[in-house]
> 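Pasting in a structure now, in structure tokens, and then I'll have a few things to ask.
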Amino acid sequence: MDSRRDFKIEVILPRGHVTPLFTGIRRNMEDTAGSNPQSLGFTEKLKSWLSWSWTYVCFIWFGMVLIMIYVLWSPLKLQETLTSASVFLNTLTPKFYVALTGTSSLISGLILIFEWWYFRKYGTSFIEQVSVSHLRPLLGGVENSSTTGLFASVNGEAEPRPSVSECKVWRNPLNLFRGAEYNRYTWVTGKEPLTYYDMNLSAQDHQTFFTGDTPQLRPEDAVMQKAWRERNPQARIRAAYQAIEMNHECAAAYVLLAEEEATTITEAERLFKKALSIAGKDINLLVYIKRRLAMCARKLGRIKEAVKMMRDLMKEFPLLGMLNIHENLLEALLELQAYADVQAVLAKYDDISLPKSATICYTSALLKARAVSDKFSPEAASRRGLSTAEMNAVEAIHRAVEFNPHVPKYLLEMKSLILPPEHILKRGDSEAVAYAFFHLQHWKRAEGALNLLHCTWEGTFRIIPYPLEKGHLFYPYPGCTETADRELLPSFHEVSVYPKKELPFFILFTAGLCSFTAMLAMLTHQFPELMGVFAKATSSIPLHQPRAVRSARCGSPSTDHGEEEEERCRSLLPPA
């Protein structure tokens with residue numbers, strides 16, 4: 001059993017509540033900054049005192065109510081009121097109970113329907129929302145911090161929040177080679193690691209990269225366009241050879257052969273070099289081939305050569321940042337353990353105006369965790385509080401988990417990895433699979449980093465704004481991630497769906513109340529006499545009534561009550 005699974009620290013609790021550990025952190029930071037914890041205003045002190053004394057006030061109020069009932073029992077003739085109420089309940093017919101239970105079931109059902117509709121639309125219970133918004137501040141609870149400033153950068157600039165979160169699919173910067181890697185998996189397991197939707201997106205990318213800018217299609221280009229659209233790999237390979245026969249300098253055909261026919265990385269590298277030598281001035285072809293050659297060098301262990309090729313490519317084509325070549329560079333630098341260079345790349349690309357990715361967020365968290373994780377101890381942190389460096393690491397992990405909450409289970413090996421798809425959805429399970437597949441080894445290499453991640457990542461779910469459509473540090477979490485991930489990932493993979501929407505308590509309570517009252521209504525309708533007897537039995541005269549009252553209602557054995565009434569009256573009288 002891994003030692004990191006033996007404990008867990010809840011660093012941050014929901015809705016602004018913090019543990020003593022986190023409170024100690026803030027107190028230490030305030031002391032360091034020279035702030036005075038006693039500088040609270042009169043209003044804050046009064047509110048704090050009311051919050052602390054609210055429980056005792058409730059107990060005092062409840063005790064006063066009991067005393068008032070005891071004192072006013074005789075003057076207000078409460079005994080006679082209870083007796084009259086008991087007489088009234090005993091005179092009710094079964095039809096009344098049928099109507100009562102039916103009406104209660106209808107009302108609770110309407111409440112349940114409204115609560116469910118509100119939950120589906122806004123992600124929370126209406127009753128809980130009203131309680132949190134209006135009652136909780138009166139009880140001294142900590143209100144949710146305003147969203148103003150949550151999107152501010154370290155420089156004070158506001159990060160733009162998109163009005164609509166679209167599930168845009170991106171090309172996986174580290175996608176594998178079909179012939180040398182994906183096909184080998186199929187040969188061994190008999191499973192297809194790529195979906196047709198994913199491969200169709202790749203076919204569209206290839207047509208755009210290699211033939212989209214050509215003013216007039218050449219015969220070999222027309223053949224290659226058809227080749228990319230072929231579903232059968234052998235048909236694609238035959239089309240590539242056909243294009244080469246038409247033109248021996250068809251670079252796109254060699255690219256296809258390198259991707260799909262080559263069964264080893266070495267053979268793929270040879271074909272890519274052949275394509276590079278005849279690519280000419282086609283920028284799209286040059287960028288694609290050089291990038292794949294750098295990835296071949298990385299896979300063959302020539303890490304420094306791969307880093308140099310990636311840096312040269314980024315300098316030569318600085319406007320092609322959308323291809324995310326920097327993510328390939330980050331992974332290669334982590335393999336070299338060149339952490340200073342990794343930090344330099346992050347400083348350039350982890351900018352407030354640039355789109356984020358799991359690679360950016362989790363690599364930043366890894367660097368900060370690596371600085372403190374080797375000496376991190378949850379027991380010691382609980383006693384003394386977190387240092388500034390540990391606090392920065394925890395915040396970086398929370399930031400990364402909020403951006404993509406699917407990654408930690410793969411890094412902690414709580415969920416099985418599969419081969420990454422050729423396209424990923426940012427903040428989705430597909431991106432988490434792609435990141436963890438290549439970066440798990442880097443987290444394992446940093447001593448204690450996974451331990452720190454295990455201790456803190458679950459606390460993030462308790463501070464993610466609810467409903468999920470609201471953002472906290474990033475733009476709102478897309479609601480279409482699950483659907484897109486199911487199209488990108490193979491059917492044998494269990495798609496991760498986080499954060500899950502849990503049903504609020506009031507919806508469950510209303511559902512139970514509706515079911516219970518509906519059952520009572522059905523039983524009362526089917527067995528009115530039996531349910532009437534049951535209702536009268538539950539509302540019978542209290543046993544603490546005076547004997548004279550009970551005798552007056554029951555009469556003597558000689559009165560005309562019948563055997564059942566006589567037996568009931570005998571049971572109410574105390575023994576002689």
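Sequence positions, counted from 1, serve as the residue numbers for this chain.
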> Check whether any side-chain heavy atom of His423 lies under 4.5 Å from a side-chain heavy atom of Asp205, and answer yes or no.
yes
> Where the side chain of Thr186 meets the backbone of Glu192, is there a donor-acceptor pair that is under 3.5 Å apart?
no
> Which residues satisfy the ring pair (Phe, Tyr, Trp, His ring centres under 6.0 Å) test with Phe403, sequence neighbours excluded?
Phe474
> What's the verdict on side-chain contact (heavy atoms from CB on, under 4.5 Å) for Glu395 and Asn392, showing C-alpha distance, side-chain angles and the deciding distance?
CA-CA 5 Å; Glu395 289 181 348; Asn392 292 335; 4.2 Å; yes
> Let me know which of Lys356, Glu431, Lys426 forms a side-chain hydrogen bond (donor to acceptor under 3.5 Å, both in side chains) with Asn404.
Glu431
> Where do Leu488 and Pro421 come nearest, in terms of heavy atoms and distance?
O-CB, 3.8 Å
> Please report the C-alpha distance between Glu413 and Lys444 in whole Å, then the side-chain angles of each, then the deciding distance to 0.1 Å, and finally whether the salt bridge (Lys or Arg N to Asp or Glu O under 4.0 Å) criterion is met.
CA-CA 11 Å; Glu413 300 180 70; Lys444 287 185 175 181; 3.2 Å; yes
> For salt bridge (Lys or Arg N to Asp or Glu O under 4.0 Å), just list the numbers for Glu335 and Arg445, CA-CA rounded to whole Å, side-chain angles, deciding distance to a tenth of an Å, and then say yes or no.
CA-CA 10 Å; Glu335 181 64 22; Arg445 186 180 295 121; 3.5 Å; yes
> Is Arg298 salt-bridged to Glu331, cutoff N-O under 4.0 Å?
yes
> Which heavy atom of Ala400 sits nearest to which heavy atom of Ala365, and what is that distance?
CB-CB, 4.4 Å
> So how far is it from Lys191 NZ to Ser491 OG, rounded to the nearest 0.5 Å?
9.0 Å
> Do the side chains of Met309 and Met295 get nearer than 4.5 Å, heavy atoms only?
no
> Please report the closest heavy-atom contact between Pro408 and Val401, naming both atoms and the distance.
CG-CG2, 3.9 Å
> State, with a plain yes or no, whether a side-chain heavy atom of Val169 is found less than 4.5 Å away from one of Ile424.
no
> Heavy atoms, side chains only, cut-off 4.5 Å: are Tyr362 and Leu411 in contact?
yes
> Do you know which two heavy atoms are closest between Ile325 and Leu313, and how far apart they sit?
CD1-CD2, 3.6 Å
> Look at atom NZ of Lys274 and say whether more than 12 heavy atoms of other residues, nucleotides or ligands are closer to it than 6.0 Å.
no
> Evaluate the criterion salt bridge (Lys or Arg N to Asp or Glu O under 4.0 Å) for residue pair Glu316 and Lys290; output intermediate values, then yes/no.
CA-CA 11 Å; Glu316 188 177 358; Lys290 288 183 178 181; 3.1 Å; yes
> Please lay out, stage by stage, how Trp187 and Thr263 fare under the test side-chain contact (heavy atoms from CB on, under 4.5 Å).
CA-CA 11 Å; Trp187 296 339; Thr263 57; 3.9 Å; yes
> Does the side chain of Glu487 reach to within under 4.5 Å of the side chain of Thr195, using non-hydrogen atoms?
no
> Using a 6.0 Å cut-off, check whether atom CG of Leu300 has over 12 heavy atoms from anything other than its own residue.
yes
> Looking at Arg427 and Glu402, would you say the former's side chain and the latter's main chain have a donor-acceptor pair under 3.5 Å?
yes
> Specify the closest pair of heavy atoms between Ser496 and Asp429, including all atoms of both residues, with the distance to one decimal.
N-OD2, 3.0 Å
> With heavy-atom distances below 4.5 Å as the criterion, would you say the side chains of Leu440 and Tyr410 are in contact?
no
> Check Asn328 against Asn324 and note the closest heavy-atom contact, atom names and distance.
OD1-O, 3.5 Å
> Within the supplied structure, the quantity of interest is the number of heavy atoms (other residues, nucleotides, ligands) at a distance under 6.0 Å from Gln337 CD; does it exceed 12?
yes
> With a 3.5 Å distance limit and no angle check, can you tell me whether His454 reaches the backbone of Leu450 through a side-chain donor-acceptor pair?
no
> Would you say the side-chain atoms of Ser364 pair up with the backbone N or O of Ile360, donor to acceptor, closer than 3.5 Å?
no
> Show your reasoning for whether side-chain hydrogen bond (donor to acceptor under 3.5 Å, both in side chains) applies to Asp485 and His406.
CA-CA 12 Å; Asp485 280 333; His406 311 273; 5.2 Å; no
> Is it true that, when you exclude Glu494 itself, more than 12 heavy atoms of the residues, nucleotides or ligands shown sit nearer than 6.0 Å to its CD?
no
> Are side-chain heavy atoms of Leu176 and Arg184 found at a separation under 4.5 Å?
no
> Decide side-chain contact (heavy atoms from CB on, under 4.5 Å) for Tyr435 and Ser357; before the verdict, give the C-alpha distance in whole Å, the side-chain angles of both, and the deciding distance to 0.1 Å.
CA-CA 9 Å; Tyr435 172 80; Ser357 66; over 6 Å; no
> Just jot down the salt bridge (charged side-chain N to carboxylate O under 4.0 Å, His left out) partners of Arg486, sequence neighbours excluded, or say none.
Glu482
> Once you round to the nearest 0.5 Å, how far does CD of Gln207 lie from CZ of Phe210?
11.0 Å
> Side-chain donor-acceptor contacts of residues 253-260 below 3.5 Å, not counting sequence neighbours, with atom names and distances?
residue: Glu259; atom: OE1; partner: Arg292; partner atom: NH2; Å: 3.0
residue: Glu259; atom: OE2; partner: Tyr288; partner atom: OH; Å: 2.6
residue: Glu259; atom: OE2; partner: Arg292; partner atom: NE; Å: 2.8
residue: Glu259; atom: OE2; partner: Arg292; partner atom: NH2; Å: 3.3
residue: Glu260; atom: OE1; partner: Arg236; partner atom: NE; Å: 3.0
residue: Glu260; atom: OE1; partner: Arg236; partner atom: NH2; Å: 2.9
residue: Glu260; atom: OE2; partner: Arg178; partner atom: NH1; Å: 3.1
residue: Glu260; atom: OE2; partner: Arg236; partner atom: NE; Å: 3.0

> side-chain contact (heavy atoms from CB on, under 4.5 Å) for Phe438 and Glu327? Distances and angles first, verdict last.
CA-CA 11 Å; Phe438 294 100; Glu327 296 195 7; over 6 Å; no
